[in-house]
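As structure tokens, the structure follows; a few thoughts come after it.
Chain A is the first sequence line, chain B the second, and so forth, proteins listed ahead of strands; every chain is numbered from 1.
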Amino acid sequence: MLINSKRNILPGRCSQLLKTAEVTFTIFAPLKKCIMKEIRVRFAPSPTGPLHIGGVRTALYNYLFARKHNGKFLLRIEDTDQTRYVPGAEEYIIESLKWCGIDYDEGVGIGGPHAPYRQSERKELYKAYAAELINNGHAYYAFDTPEELDQMRERLKAKGVATPQYDAFTRSEMVNSLTLSADETKAKLNSWSPYVIRILIPENEEILVNDLIRGEVNVHSSRLDDKVLFKSDGMPTYHLANIVDDHLMEITHVIRGEEWLPSAPLHVLLYRYLGWQPPLFAHLPLLLKPDGNGKLSKRDGDRLGFPVFPLKWTDPFSGEISSGYRESGYLPHAFINMLALLGWNPGTEQEVFSIDELIGAFSIERVGKSGSKFDPEKARWFNHHYMSGLPDKEVSILLGNILKEKGIEVAHEFLLSVSAMIKDRAVLIPDLWDQSHYFFVAPDSWDEKVVQKFWKPETPALLQKLSEILTNTDDFTVDNIDSVIKGYIHDNGLGMGQIMNTLRLALVGGSFGPGVSAIISVLGKNETLTRIDKAIANVGN
RNA sequence: GGUCCGUUCGUCUAACGGUUAGGACGCCAGGUUUUCAUCCUGGUAAUAGGGGUUCGAUUCCCCUACGGACUGCCA
């Protein structure tokens, strides 16, 4: 059953030999290694607010990895902390992934064979595993109140313990099923005393985490604390829930942020104690802020003037607004391309990738080890690159949307011509308007600086004469307009700048935009003549 | 503080122990353009420091420095 859909990821040598799974298993037992299990990865955000670009990158890498290996990519919502629930966050996450084009095969919103994919809806499932850990001696009940835990930490700090934690030392002086007798424990449980379940970290053991990016990471068990697995509110903590779900959902590779590396040994232990095969781990380096150091955070965006979120987010409690890449006018493809190269590289000098190319080129082995500072300039460069590479038709749709908002209606052909002319002058989508507004709205004012520099007393007469020539011109193709204007300049012994700059001023109101002849060609005879007249009548007065 | 992870141009990064340390963004200069952009060409700029190992270290090992993550009944 595995084999059929997985043929294409089998190493060539083996796939030659494999006719059916049965043959392989019975006759070519040693080749079993060649049969890779279906690769299944997940993105498992917590819906506590908007997803920032670091999270999007994690999702992206999972997605690319899954697609590359013809595996499955799932979206699981880790909402085991009910106190941190933020309305709208889950929808935000889903919409963000959708905008980015990161589609998933199973998960919240679309379901799948392991539904539900929201941990709060899987609540009942975790208890049994916590109980199993208690039964096999790898976990215990603890009845300490939060206040008592605080006191313990204070007490230890006062004694000079740098890192007070609930561990082999302290657990013996706390209230738990290890210090209480079996009867006392039972009594507490029966009297509905609030309790948590903690893992019993082994005393003296090296725990090895094999990380696809970092290699082997060793941690001594004495450095770990007896983490809470199951909370007094009946919910598991992240640590338990993520192990249980990854196992049940048959996750083969856990690709997540580096901030999880310190708790990876705990997770390794949990797999062991539950008797499960752990997935392969890959801890991604962090995204750092562009200036100074530190993890990129929500505040950095507004402070430095670039979005840190894919989509605009309005905090439902404070009303605070954080800008998004979509609303700032980035193209999703450019955004994704930029993000993909932040921490990963193909080993070649290629930087511009279609999604399919990214899928083909991606590999975890080529993910770097060190954190990457996010560079907003590079993001803009990517967007400009994609913008100017967009087909005219798509640019015209983007520009058309802006016009619609402004209540401007134009002919399709006109819009297409304008789009073609300005697309490589725009970095972000709103620039499309900034670079083209004069096509749709005739200038009402004329850049003072240009007026000062070029508008001479003889200018109105010169433009008037040119206007008359244009009136008698029928061929308004770019080439013809070009030769008409140049002919006029030449015939009258004028300077190019003298005419071109003032003509441009009359047409666009300033000193910018595509070639004058091209503008005239698109504007057409009537509009061109009207604008020249208007400038003659108004400029310099 | 402790544990873990990391450190190549300003930034993103390449270089399976032997390269004039490569590319991209940015910046600077020149060219194209009647303007502003684009575009093209060129330039600027890096192996954190110190010890080893080696004929030879960006690359392997150790120390130091610096940075980061973690250190919750958060994820």
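- Distances from the side chain of A/Asp375 to the nucleotides B/rU3, B/rA75, B/rU11 place B/rU11 closest.
- At a non-hydrogen distance threshold of 4.0 Å, A/Asp424, A/Arg425 from residues 418-435 of chain A come into contact with RNA chain B.
- Whole-Å rounding puts the A/Lys449 NZ to B/rU35 P distance at 17 Å.
- Within 4.0 Å of A/Ser370, counting heavy atoms only, lie sugar-phosphate atoms of the nucleic acid but no base atom.
- Distances were taken from every side-chain heavy atom of A/Trp381 (C-beta onward) to each of B/rG23, B/rA24, B/rC4; the shortest belongs to B/rA24.
- Geometrically, A/Arg198 does not engage A/Tyr141 in a cation-pi contact defined by less than 6.0 Å to the ring centre and at most 45° from the axis.
- Among A/Trp381, A/Tyr325, A/Phe335, A/Phe382, the one residue that satisfies the ring pair (Phe, Tyr, Trp, His ring centres under 6.0 Å) test with A/Tyr330 is A/Tyr325.
- Residue A/Lys369 has no polar side-chain atom (N or O) positioned under 4.0 Å from OP1 or OP2 of B/rC4.
- Put simply, CZ on A/Phe230 is 15 Å from P on B/rC73, counting in whole angstrom units.
- When rounded to the nearest whole Å, the span between CZ of A/Arg214 and P of B/rA69 equals 13 Å.
- Note on A/Thr83: nothing from the nucleic acid sits closer than 4.0 angstrom, heavy atoms only.
- A/His384 comes within 4.0 angstrom of the backbone, heavy atoms only, and of no base.
- Heavy atoms of A/Arg84 sit under 4.0 angstrom from at least one base atom.
- The existence of a salt bridge linking A/Lys369 and A/Glu258 is excluded, since no basic side-chain nitrogen approaches an acidic carboxylate oxygen closer than 4.0 Å.
- Near RNA chain B, defined here as any heavy-atom distance below 4.0 Å, the residues from residues 338-346 of chain A are A/Leu341, A/Leu342, A/Gly343, A/Asn345, listed numerically.
- Atom name P, nucleotides B/rC5 and B/rU64: the rounded distance is 15 Å, in whole Å.
- Among the heavy atoms of the strands lying under 4.0 Å from A/Ser46 are primed sugar atoms or P, OP1, OP2 only; no base atom is included.
- Side chain of A/Ser193 to backbone of A/Leu189: no donor-acceptor contact under 3.5 angstrom is found.
- At B/rU11, none of the side-chain N or O atoms of A/Ser372 fall inside 4.0 Å of OP1 or OP2 (strictly under the cut-off).
- Here A/Arg504 does not reach the OP1 or OP2 of B/rC36: none of its side-chain N or O atoms lies under 4.0 Å away.
- Atom C1' of nucleotide B/rA37 and atom CE of A/Met387 are separated by 14 Å, given to the nearest angstrom.
- Across all strands, A/Arg256 comes closer than 4.0 Å to no nucleic acid atom at all (heavy-atom distances).
- Distances from the side chain of A/Leu286 to the nucleotides B/rA24, B/rU34, B/rG68 place B/rG68 closest.
- In this model, the phosphate group of B/rG67 is not approached by any side-chain N or O of A/Lys373 to a distance below 4.0 Å at OP1 or OP2.
- For A/Ser511, whose side chain is taken as the heavy atoms from C-beta onward, the closest listed nucleotide among B/rA75, B/rU34, B/rU35 is B/rU35.
- Formation of a donor-acceptor pair under 3.5 Å by the A/Asp144 side chain with backbone atoms of A/Val175 is found in this model.
- Residue A/Pro285 is out of contact with every strand shown, counting any heavy-atom pair closer than 4.0 Å.
- Using a cutoff of 4.0 Å between basic side-chain nitrogens and carboxylate oxygens, A/Glu78 and A/Arg118 are not scored as salt-bridged.
- A/Asn242 comes within contact range of no nucleotide atom at all, as no heavy-atom separation falls under 4.0 Å.
- Within 4.0 Å of A/Val196, counting heavy atoms only, lies at least one base atom of the nucleic acid.
- The partner of B/rU19, taking Watson-Crick or G-U wobble pairs whose two distances both stay under 3.5 Å, does not exist in any strand shown.
- Atom pair A/Lys227:NZ and B/rU3:P shows a separation of 16 Å (rounding to whole Å applied).
- Using a 4.0 Å heavy-atom distance criterion, A/Arg380 is classed as making no nucleic acid contact.
- With respect to A/Arg155 and A/Glu173, a salt bridge is recorded, a charged nitrogen being found less than 4.0 Å from a carboxylate O.
- As rounded to whole Å, 10 Å separates atom C1' of B/rU35 from atom CZ of A/Phe512.
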